[in-house]
Amino acid sequence: MANVVVVGAQWGDEGKGKIVDWLSERADVIARFQGGHNAGHTLVIGNKVYKLNALPSGVVRGGKLSVIGNGVVLDPWHLVKEIAAIRAQGVEITPKTLMIAENTPLIMPFHGELDRAREAQASVAKIGTTGRGIGPCYEDKVGRRVIRVADLADADTLELRVDRALVHHNALRSGLGIEPIDRDAILAELRAIAPEILKYAAPVWKVLGELRRAGKRILFEGAQGSLLDIDFGTYPFVTSSNVIAGQAATGVGMGPNAVDYSLGIVKAYTTRVGEGPFPTELDDADGERLGTRGHEFGTVTGRKRRCGWFDAVLVRQTCAISGMKGIALTKLDVLDGFETLKICVAYDVDGQRYDYLPTQAALQARAKPIYEELEGWAESTQGARSWNDLPGAAVKYVRRIEELIQCPVAMLSTSPERDDTILVTDPFAD
Ligand code: GDP
Ligand code: IMO
Ligand code: MG
């Protein structure tokens, strides 16, 4: 019985939500293991559209257990709002269907304020964060001053935790010219939200271990994308967590052998939100066309996503780092009607050929894509549900991607709709 981890293989927004929703029919448990409500996942099911940030994308399927693992950073006030919004769309969420790890760090209002204050400083280059306090909360976790879910259960501990956080944050805030945090107000807010969160709190490591021994299938849901990974992404223009497959186990409290199959989610072209290097970025009509046809606007911030050609160098690299067994290739339909398509097969950096993205920022900035040109197709692939429905040129494009990234296509997605999906290899059965 295989357990599967889904990982974004580019800069996020690859269509993970759609694929996780589709795969979750075959799973018993869907677990988030990193990131927070910086994620924005859109699910289209019939005439309903669900927008999820912190909740696992499997939540819209009844009868599944959704888990928020300790590797996540959780904004309790946002979660309560998100639960209410999803419930209003007819989804049942109870402590039986949602569990939150007791050791999950909490995002506080002052984390968001700090995130935004830093981004507003003109003296250093912006990261282009979502402004949701993700980075500052992870910093506090590592700095041993974060408030965790379990701390909400005991009044004395909560005060101690808040005081520890405030010593650090008030010093920082004074340097940034922000007024000090109101201790009583934050404690009151935490006490008020505590029961709303504690009812979902559980020793997730134990529950998942037991479910695994009982033969239940676990789907680990990654957020963001591998090029935003804190270690392997385009640092410092990254998010503050490990997003790659190796994080799935530590992000919920299981051993590394808990994951049998890593599935990379890969868009048929490339997008990025926020600042940072992007070798195949297009500033021309082709880029505009990708953005318009692909509706490339961020779910969380509404920002226009930067668009470019498929970069096989980067995806080969991220597939290797996560040990991907297969990929789900999404948004192939967005490429319909292009006369020719380009795929980046290597970089030229000052006359030297690279088959990977070098780590040095200066070299990354000078990396010029070396392209291979492929024939496009005039036919529509939108809504295709079998290989036979795809034009020959589209099949060639997909096959060439598989060769270049050295990883097979296990799934193909041809529209936002749940069922417009072609299954080539079932990751749970592999
Ligand atoms: P995530 O963050 O990886 O879950 O991706 P997002 O939800 O932020 O962005 C992906 C967008 O593409 C969503 O609006 C999806 O509904 C949509 N989408 C997913 N798969 C496909 C596809 O195969 N074709 C098209 N046209 N849209 C898709
Ligand atoms: P999903 O799960 C795309 C980007 C931000 C910024 C950088 C750091 O929807 O794929 P942060 O707020 O995390 O400190 O911002 O990371 N970013 C994403 N880009 N998709 C996401 O999530 C992202 N989550 C963060 O735009 O460049
Ligand atoms: Mg997204």
Side-chain angles (χ1 to χ4, degrees), residues 6-22 32 34-45 49-54 56-57 72-73 75 107 111-112 114-116 118-119 126-139 221-230 233-241 243 264-269 271-278 290 292-306 328-336 380-385 411-422:
V6 160
V7 175
Q10 292 153 317
W11 274 293
D13 303 325
E14 299 92 347
K16 298 175 294 294
K18 168 180 166 165
I19 299 296
V20 169
D21 165 60
W22 194 92
R32 280 278 308 263
Q34 50 69 233
H37 65 315
N38 49 347
H41 304 159
T42 301
L43 277 51
V44 182
I45 301 156
V49 178
Y50 301 91
K51 301 222 180 250
L52 300 169
N53 300 124
S57 297
V72 168
V73 283
D75 180 327
I107 301 179
H111 289 136
L114 181 58
D115 192 357
R116 294 186 293 273
R118 283 179 179 156
E119 288 283 281
K126 274 198 335 182
I127 307 282
T129 72
T130 58
R132 294 196 154 183
I134 306 297
C137 184
Y138 276 117
E139 287 169 35
E221 176 182 9
Q224 287 78 54
S226 308
L227 295 162
L228 293 169
D229 182 89
I230 185 74
T234 45
Y235 196 89
F237 303 99
V238 293
T239 192
S240 295
S241 63
V243 314
I265 314 302
V266 178
K267 206 180 274 194
Y269 49 100
T271 63
R272 167 162 214 175
V273 211
E275 308 302 315
F278 181 173
L290 288 172
T292 310
R293 285 188 56 91
H295 303 291
E296 297 296 354
F297 292 91
T299 325
V300 175
T301 55
R303 287 178 292 176
K304 203 172 164 179
R305 295 175 184 152
R306 300 155 66 191
L329 191 67
T330 64
K331 302 191 100 162
L332 187 68
D333 54 295
V334 173
L335 301 180
D336 292 351
S380 168
T381 64
Q382 203 201 336
R385 293 188 182 183
M411 295 172 71
L412 202 64
S413 166
T414 57
S415 100
E417 170 61 40
R418 177 189 270 175
D419 292 321
D420 291 338
T421 306
I422 301 172

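Order of appearance sets the numbers: ligands from 1, and atoms from 1 within every ligand.
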Glu275 backbone acceptor or donor facing Arg272 side chain under 3.5 Å: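 Here the side-chain-to-backbone pair exists.
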
Residue part near ligand 1, for His41, under 4.0 Å between non-hydrogen atoms: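 Near ligand 1, His41 shows its backbone as well as its side chain.
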
Metal site the Mg ion (ligand 3): N/O/S of Gly40 inside 2.8 Å: yes

Could you identify the single nearest non-hydrogen protein atom to [atom] and state the distance to 0.1 Å?
| atom | value |
| --- | --- |
| atom 2 (O) of ligand 1 | Gly40 O, 2.9 Å |
| atom 18 (N) of ligand 1 | Pro416 CA, 3.9 Å |
| atom 20 (N) of ligand 2 | Asp13 OD1, 3.2 Å |
| atom 15 (O) of ligand 2 | Thr129 CA, 3.3 Å |
| atom 13 (C) of ligand 1 | Thr42 CB, 3.8 Å |

List every atom of ligand 2 that sits less than 4.0 Å from any heavy atom of [X], numbering the atoms from 1 in the order shown and giving each element.
| X | result |
| --- | --- |
| Ala223 | 2 (O) |
| Gly40 | 1 (P), 9 (O) |
| Trp11 | 3 (C), 19 (N) |
| Val238 | 7 (C), 8 (C) |

N-O pairing of Arg385 and Asp419 below 4.0 Å: no

Short N-O contact, Asp13 and Arg305, less than 4.0 angstrom: yes

Close N or O approach (Glu14, ligand 2; < 3.5 Å):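 The answer is no, given that Glu14 and ligand 2 share no N or O pair closer than 3.5 Å.
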
Arg303 N/O under 3.5 Å from ligand 2 N/O: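 Yes, at least one N or O pair falls under 3.5 Å.
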
So is [X] touching ligand 1 or not, going by heavy atoms under 4.0 Å?
| X | answer |
| --- | --- |
| Gly8 | no |
| Gly12 | no |
| Arg305 | yes |

Just going by heavy-atom distances, which of [options] is nearest to [atom]?
| atom | options | answer |
| --- | --- | --- |
| atom 16 (O) of ligand 2 | Leu228, Ile230, Ile265, Leu227 | Leu228 |
| atom 6 (C) of ligand 2 | Gly17, Gly128, Gly274, Gly36 | Gly128 |
| atom 27 (O) of ligand 2 | Thr299, Thr42, Thr301, Val273 | Val273 |

Shortest-distance N/O/S atom, Asp13 versus the Mg ion (ligand 3): OD1

